[in-house]
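Read the structure below first, then the notes.
Sequence lines set the chain letters: A, B, ... in the order given, protein chains first and strands last, and positions in each chain run from 1.
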Amino acid sequence: MANRYSFWSLLKHGLKHHETWQPAWRTPQLKPRYDVIIIGGGGHGLATAYYLAKNHGVKNVAVLEKGYLGGGNTARNTTIVRSNYLWDESAHLYEHALKLWEGLSQELNFNVMFSQRGVMNLGHTLQDMRDIERRVNANVLNGIDGVILSPKEIQDIVPLMDVSASTRFPVMGASYQPRGGVARHDAVAWGFARGASELGVDLIEQCEVTGMIIEDGRIKGVHTTQGDVFADRVGCVAAGSTSTLAKMAGVRLPLESHPLQAFVSESMKPCLDTVVMSNAVHGYVSQSDKGELVIGAGIDSYLGYGQRGSPHVIEHTAAAIIELFPSFSRVRLNRQWGGIVDVAPDACPIIGKSPVKGLYFNCGWGTGGFKATPGSGHVFAHTIANDAPHPLNAAFALDRFSTGHLIDEHGAAGVAH
Amino acid sequence: MPNFQPYLQSPLVNFNLPAETVPADSSQQVRANELPLLGYIAIRGELADAAIAAAVSSVTGASVPAAGQFSTGDAGVLVWVSPDELLLVTRRAELAQRLAAFEAAFAGLFAHAVDNSGGLTCLSLSGSEHVTVLRHMGVYDFESLAVGQAVSTVLGKAGGTVLRLEDDGVFLIIRRSFADYLWLLLRKVCTPYRFAVAKLAESGSHPLLRLLDKQHAAPARKAVTA
Amino acid sequence: MFQLHCPHCGATREEEEFSYAGEAYIARPANPEEASDAEWGDYLFMRKNTRGWFWEQWQHTAGCRKVFVVKRHTASYQIAGSWTLAEGKAHYLKESEA
Amino acid sequence: MSAYRVHRNSQRIDSQSPLKFTFDGKQMQGFAGDTLASALIANGVKLIGRSFKYGRPRGIIGHGSEEPNALIQLETGAYTVPDLKATQVELYHGLSATTTTGFPSLHFDLKGMAGTFARFMPPGFYYKTFMGPVKAAWPLYEKMIRMAAGYGRAPVEADPEYYDHLHHHVDVLVVGGGACGLWAATLAGRAGLKTLLVDEQNEAGGWMLSDASARIDGKPAMQWVNERLAELDSLGNVTVLRRTTAFALHEQNLVQALELCQDHLPIGSRNPGQPRQRLHKIRAHHVVLAAGAIERPLVYGNNDRPGVMTAAAGQTYLNRYGVAVGRNVLLMTHNDAAYDAARDLAEAGSRVTLIDTRLRGAADWRQQQAKQAGVELMLGYGIAQVHGKTAVSGAQLVQLDPFTNTVRGKGPRLSADSILSSGGLTSTVHLFCHNTGRPYWKEESLSFVVPDEGRQGISCAGAITGRWELSSALAQTHAATSAMLAGFGRSTHGDCPQGDEHEVAATRRLFRVPDGLAEGHGAKAFVDFQNDVSAADIHLAVRENYRSIEHVKRYTALGFGTDQGKLSNVNGFAIAAEALGKPISAVGTTTYRPAYTPVTFGALAGSHKADTFEPRRYTAMQASHLKRGALFETVGQWMRPWYFPQGKETMHQAVDRECLATRNSVGVMDASTLGKIDVKGPDAREFLNRIYSNAWSKLDPGKCRYGLMLDENGMVMDDGVTACIADDHFHMTTTTGGAARVLNWLERWHQTEWPELQVRFTSTTDHWSTTAVVGPKSRAVLQKLCSDIDLSAENFKFMDWREGTVAGVPAKVFRISFSGELAYEINVDACYGHYIWEQVMAAGDEFGITPYGTETMHVLRAEKGFIIVGQDTDGSMTPMDLAMGWAVGMKKPFSFLGKRSLSRSDTVRSDRKQLVGLYTEDPKVVLTEGAQILSTPDATPPAAMQGHVTSSYHSAFLGRSIAMAVLKGGSQRSGDTVYVWAQGKMHPAKVVSSVFVDQEGVRQHA
Ligand SMILES: Cc1cc2nc3c(=O)[nH]c(=O)nc-3n(C[C@H](O)[C@H](O)[C@H](O)COP(=O)(O)OP(=O)(O)OC[C@H]3O[C@@H](n4cnc5c(N)ncnc54)[C@H](O)[C@@H]3O)c2cc1C
Ligand SMILES: NC(=O)c1ccc[n+]([C@@H]2O[C@H](COP(=O)([O-])OP(=O)(O)OC[C@H]3O[C@@H](n4cnc5c(N)ncnc54)[C@H](O)[C@@H]3O)[C@@H](O)[C@H]2O)c1
Ligand SMILES: Cc1cc2nc3c(=O)[nH]c(=O)nc-3n(C[C@H](O)[C@H](O)[C@H](O)COP(=O)(O)O)c2cc1C
Ligand SMILES: [Zn+2]
């Protein structure tokens, strides 16, 4: 049984030189058969396993991860959490996630450091402001917090921002979601891993799925680098690698995997207390609890599975940050990296059944799925357990690409992170 | 009808370069100036097609340049743009005549000429650091740009075509609406160097300079300041 | 950042001069009206998104404006070559058969 | 004060040039050639910061980019820079620096007090706590955590200095100007290759600057270095950039390098005409990585006390900067090389005890040398624990087991004011690994290294391959460079330089010096100083199942700091390997990522800043607009006049005036920004039929038509009027923001799908200036300017165009209207644009002609119900949704783009959102654009939203407000009352036709 985490447990174990801490999760042997296999040990996959066990009593579950747990996009994202999406379908899904975030540390007994410091989306043109107005009104009518800020109000919250009228992209206003914020990305993966493991889920690292075992249009199991594993239900939650897995099952998906880059500055004393995002200037930034500015760059246009992109993209982002925050010009970049984001044509996820019976996909989160992690796992677990979607993900089925019922969050939602 | 007196304005008119122009001298590390109000004709047609090539030559007196090159003829300078596009830089006064000549020469061919004279302008860039300045602005290997070559590439966040007619300098053909930005950028990247808006060399037989219409070079006519 | 060879300009240039133009050789249904919603959806949205050697289109937007194909490895980022659309098609078809 | 200045023949400081500087407000003195670190040490400064987590006192530990502790704030105000490593700051006169840590002060630090509880703050402790007692408490905890974290302070003023970029294309780029890099560059230069060498330091030489006794080809190494530099200087094809760090290596050998052009100069004497820093972007056919190696310390108890350093640092401060780091020095090593440091310090007058962890010690000759210099040797010992709190006072030794890394017995307790250690060298493999390269563990070098043979396009030379002896490093460099030259088809000119051959004893395989206690029981032994990661922490991470080295990194923050683990990574990997019971090679490394050392944001941005951040595009009439007081709106990259306020007019007053003047008399607008594409060829018509939703087969020359462009998904993507010039020739216009997109769209469809169609597209956006003369008096205005076009209503109809002259200038005049008024658009060569505008203004004077901008344009078109793509559409609207079914030629033979999508099940739904007009019940209320629409007045969330307001204005002409909206099933809801909600305010409104003015079109046909 894993330790319960608390201030007192730290004292207790501290007195014992921390020799008494249990593993955060078990390292089980891969079994030949499970009720459900989850492919992909990122935040979404781990959350799915957790909620399968917790809410649906499905405990004979394996999460197969080709690398280390939480090492995909979960390890690489700029950790922005918000729910102020435009369309009802996405707004409800992301708000569901946000509500889960609000109790997640307690739920998992793992501090995911969810910090509701507010997220600001800047408007720089008249059209930006119309879009902001539209989105904030839609949010409020959907029960999601949101206000529109004037440049003066923005300045009060973010003193270092240049809101003067003379810039190339003057700040005309912003939408602001106070309940939005950031969370500690790694902690989310580990928290769910620990929670899932404790409920009996087997977490198998260094186990790459290399093929699908399908008979009569039904999934039977998967081939992996550690041998074949059987299950009647398989959930694929592999973000940028989803297409590769879909191909193994003969399923076509409307996804493209692109590099998305980010970088951090050196660690500094607190100087930015909110998350600031700008679509027109194209940069977004927050400051982590450790003090570094966490900055997201633009997406690279080409397909890329290399977890790295082109340097001019980073350069443009640095320029954008300086445009917004001229004094950050003398701040220094410490490290840059990239992830592989699976982008769907309407910038919305695909969550649901596939043409292969028992095989489910949860993908297409693209540049913005971290914020959905608990909600995504929650509804996907429901989908797998019931072989039917949860009402919140029904609209996100694959068939929308033939009916034409896209949920286009592109322009309207601003930078989709 | 009143007696209209049309005037032309170059894209860089608002910088009033004529007022800034000083004589060229060798202490200037970068010299720049505008060759205002030239004629620009986009020639569209499969260049590999011998009939089209012959038609182009007949109008321009220049042979069709190979990819990445330009050629010169009576009509001016003929720049390769793509396998089915050339840009003729010519005298503004000869525009109508050239366009008509193309129309005639292209009769029966799938080829045509499009006047783009309002849309482009030309800068001369010279001096010992002129290549360095280009290297500040763009990713292209400008050191490798040899005499006779022309390249369309990015300069900052705008496009431009760079032609090397001689060792000492290059000419930049840029779009009207980006001219303002590119001039600001050029001035910015020239900060470390001794820069001058320098008088253009005497045209003589220079294939581009001789296209300049002396009459338009007079600043007072051009720069209707606002 | 890639250097790409534009077969039309016959020159190798920096990525900034080009725009990515997606998967190559997606065939538009000859008779769209006869395609089912699913077939049309497939053409519109479904993509190979290959991890590995991939045929893709780039447009030389700052140069000759021509679209051409590049065979690039999407994981190692190696580039095997680039061809005009017409030339590339033969290679592409041969590989697709294999 | 333990450290002191000495004179060394090898020193690179100029003792004739003293420099004054301040540290934490205290006046100090150093010399030209010093770094801030060497000067601080010489001034007796030991305590320089407090550690991140425990607030432990910290001092300078390294001498270059590896430094984890000495993060300082340089200068104040606009020139301030946070987090610089004192070891990399060149001293200049007047420099002022402060510590970045310590609260309330460096010497009395609250975190330091908290550090007393360090044992309860293992890695990841914050994941385990701060979750109660109530949820709401976390923000408070977080505030405290944030306050305690972070080093320097972000500048708050705009940067007074500037940056630029410079692109290079070279045959060979050599990274690193140590002996090996210099030799590689020499050979490349001699072979005639265009060669660039970069080195991060102010002087080339690398380790040779520190190693006073090294010899190459029989002469002092620095003499050889200077000969090389002189030779390189003399070769026209070689460039050497100092103070230039290659910080990233990308695809196809694109290397980014940052040159510090002026940071070493006093602020007052910096040249404002030169950049502060320059970003070099180097495309190299071949890269030679000769980045050398960095010495790592050993890991032992309290190894973080101020006064503890690497042996290389001690040697460097002495030989290069003329600073002896202590009078009473302990030096612990597991290898021979560190004996040189001990010898040199002893020679310089320090009392040195050399603690060799090996029972037999170094090769005889080294032991002799050391002894001769006065070094006291202790073989087979290790330091268990350092004594002292804010400064080293001594150390407790243990006797080591010669075979296993365990303690055999107690050792003496020695006093000391400085403790150095050498845990061997770590190759600087970073750049090799930035794009997929992986280093491998070379057991005999005890380092992750890169392969001797490099890889495609990259050669590796010198210490980076794990060659610690100069002679073998040079030999390997010579071989690798010759191989590279052969690849270029060039030959090698010159023989391999010879370093002295030494006998060397085997190194002891040791990372963590044992203290005889179980890990976690003794004094903290630090691995990563910046992030307070101890050896015990790594064991704990593994115990808690964070077993992947990436998990170890992320759980403990090993290598996360601004030094990116240059000192700590290999020790960390080795300790993790031990905890995991695996060989180091199986543990592997974490991923090396740019930047090698931190890079200024300003340098990354270069000149993409302020007025050149993004192009501002202007039309030929810009001066006219400015003269008339226009305010501007950004549309894409264009600057368009927004409205022309007179006197103290508000926007609404100005717009009312502009609208009325236009509807009642005549207005004029600059429409030059619309995209224009010349479409020509025998198949032009067919092409238009395919690309537009409406039909083009029957449009005659002289006529214009409005066209809608759909994407393949059936959604409206652009619109505009296209004129037929000749049967095979069209003049297409696009939206202002869509011009480039549409041109590429046309090209792509033509080239990829229909290459058989004979048609070509030429952008003429910039060629044409377009002056729109709008209003009932527009004909009268034009008549004054134009004699060769019959402007009569019968002969020049709405949607006709004519060629002629306007004010003496050749023009194409289009009778089209985006306002519903009689209107003409005069297109001329843009060089005449300003002239024509002014002529129109003069001719219109008698009618009170009024220039107007985009805002009035929007009102006028909304009064007519004309859409703006991007405002009334959002990528989810079909032509039918916009009530523009008339613009869809369903009968065209070719299935135009987007057609098939229009018949999908979702797209044919009747309850889709459709464009409607709205009249508020209160005519004075102008609805908010972006307001949401409800069917009932109940706005309780979640409220069922029916659509939203896309355009909304006060119409001065109608004397009331009008709005356009998209509404679910709107086409069937005319007359309904809906409730429009924005930011808590609700207004009832009636659904009406979206054509508010002149439904019959009388005015535009006038
Ligand atoms: C730079 C960057 C910034 C971002 N910023 C934000 C942001 O600010 N806010 C936000 O909400 N979102 C953001 N995102 C998006 C977010 O990171 C992702 O949407 C989210 O993390 C996806 O989680 P996941 O669990 O689905 O995927 P991942 O974490 O990528 O997990 C998928 C896992 O599947 C594994 N896998 C793949 N193939 C196989 C196989 N064959 N066998 C076994 N395992 C396999 C992978 O190794 C991986 O661990 C950002 C992304 C990036 C790259
Ligand atoms: N004892 C020591 O601490 C030590 C350290 C390094 C080298 N050495 C010895 O010195 C001899 C010569 O070695 P070498 O020439 O291979 O290495 P070197 O360390 O002497 O030189 C490498 C140079 O490259 C510079 N550099 C590193 N990364 C860079 C980057 N990204 N951009 C720009 N410059 C960068 C370094 O500042 C240094 O000047 C070898 O015998 C080696 O073992 C000893
Ligand atoms: C929110 C966030 C903050 C980060 N902060 C740091 C940091 O302070 N220092 C650092 O070295 N890396 C930091 N990283 C980057 C990681 O070191 C690493 O580069 C990233 O997780 C991608 O993994 P990879 O580089 O191992 O491929 C951060 C990453 C994220 C997502
Ligand atoms: Zn090209």
Side-chain angles (χ1 to χ4, degrees), chain B residues 42-49 52 64-70 78-87 114 116 119-120 134-146 148-164 172-175 177-178 181-182 185 189, chain C residues 1-28 30 54-94:
Chain B
I43 301 165
R44 304 302 311 266
E46 210 51 61
L47 304 178
D49 180 332
I52 291 174
V64 170
Q69 314 229 324
F70 64 86
L78 197 54
V79 186
W80 188 91
V81 178
S82 94
D84 62 2
E85 182 164 350
L86 298 169
L87 179 69
V114 183
N116 213 349
L120 299 170
L134 288 169
R135 287 169 57 209
H136 284 306
M137 288 206 284
V139 290
Y140 180 76
D141 180 6
F142 290 104
E143 286 173 310
S144 75
L145 189 74
Q149 290 184 332
V151 59
S152 294
T153 184
V154 283
L155 299 166
K157 290 187 182 172
T161 302
V162 186
L163 280 70
R164 182 174 289 292
L172 267 58
I173 298 175
I174 58 175
R175 283 174 71 173
S177 58
F178 288 97
Y181 161 78
L182 279 169
L185 183 66
V189 302
Chain C
M1 176 165 47
F2 307 129
Q3 279 186 312
L4 297 167
H5 182 82
C6 172
H8 299 281
C9 290
T12 299
R13 303 280 186 80
E14 301 288 331
E15 186 186 319
E16 276 112 313
E17 288 192 10
F18 301 90
S19 307
Y20 183 68
E23 181 178 324
Y25 303 122
I26 296 172
R28 189 174 196 256
F54 182 62
W55 289 82
E56 64 193 11
Q57 303 178 144
W58 288 80
Q59 187 176 7
H60 196 181
T61 28
C64 63
R65 294 215 320 281
K66 295 290 175 216
V67 180
F68 58 97
V69 287
V70 175
K71 183 181 166 189
R72 186 175 63 91
H73 196 285
T74 56
S76 75
Y77 295 175
Q78 273 174 292
I79 293 174
S82 40
W83 298 266
T84 64
L85 284 163
E87 289 163 5
K89 187 139 193 179
H91 296 278
Y92 170 81
L93 289 175
K94 212 159 85 203

> Given the rule in the side chain to side chain contact (heavy atoms under 4.5 Å, CB included) test, do B:Val151 and C:Arg13 qualify, once you have shown the distances and angles that lead to the verdict?
Replying inline: CA-CA 10 Å; B:Val151 59; C:Arg13 303 280 186 80; 3.1 Å; yes
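Contact residues of residues 75-88 of chain C toward chain B are absent (heavy-atom distance under 4.5 Å). Within residues 134-144 of chain B, the residues having any heavy atom under 4.5 Å from a heavy atom of chain C are, by residue number, B:Val139, B:Tyr140.
Heavy-atom pairs under 4.5 Å with chain B peak, among C:Cys6, C:Ala62, C:Ala11, at C:Ala62.
In this structure, B:Lys157 places its NZ atom where more than 12 heavy-atom neighbours from other residues, nucleotides or ligands lie under 6.0 Å away.
Taking each heavy atom of B:Ser152 and C:Glu17 in turn, the nearest pair found is O-OE1, 3.8 Å. When all heavy atoms of C:Cys9 and B:Ala67 are compared, the closest pair comes out as O-CB, 3.9 Å. Listed here is the closest heavy atom pair of B:Asp84 and C:Lys66: OD2-NZ, 3.0 Å.
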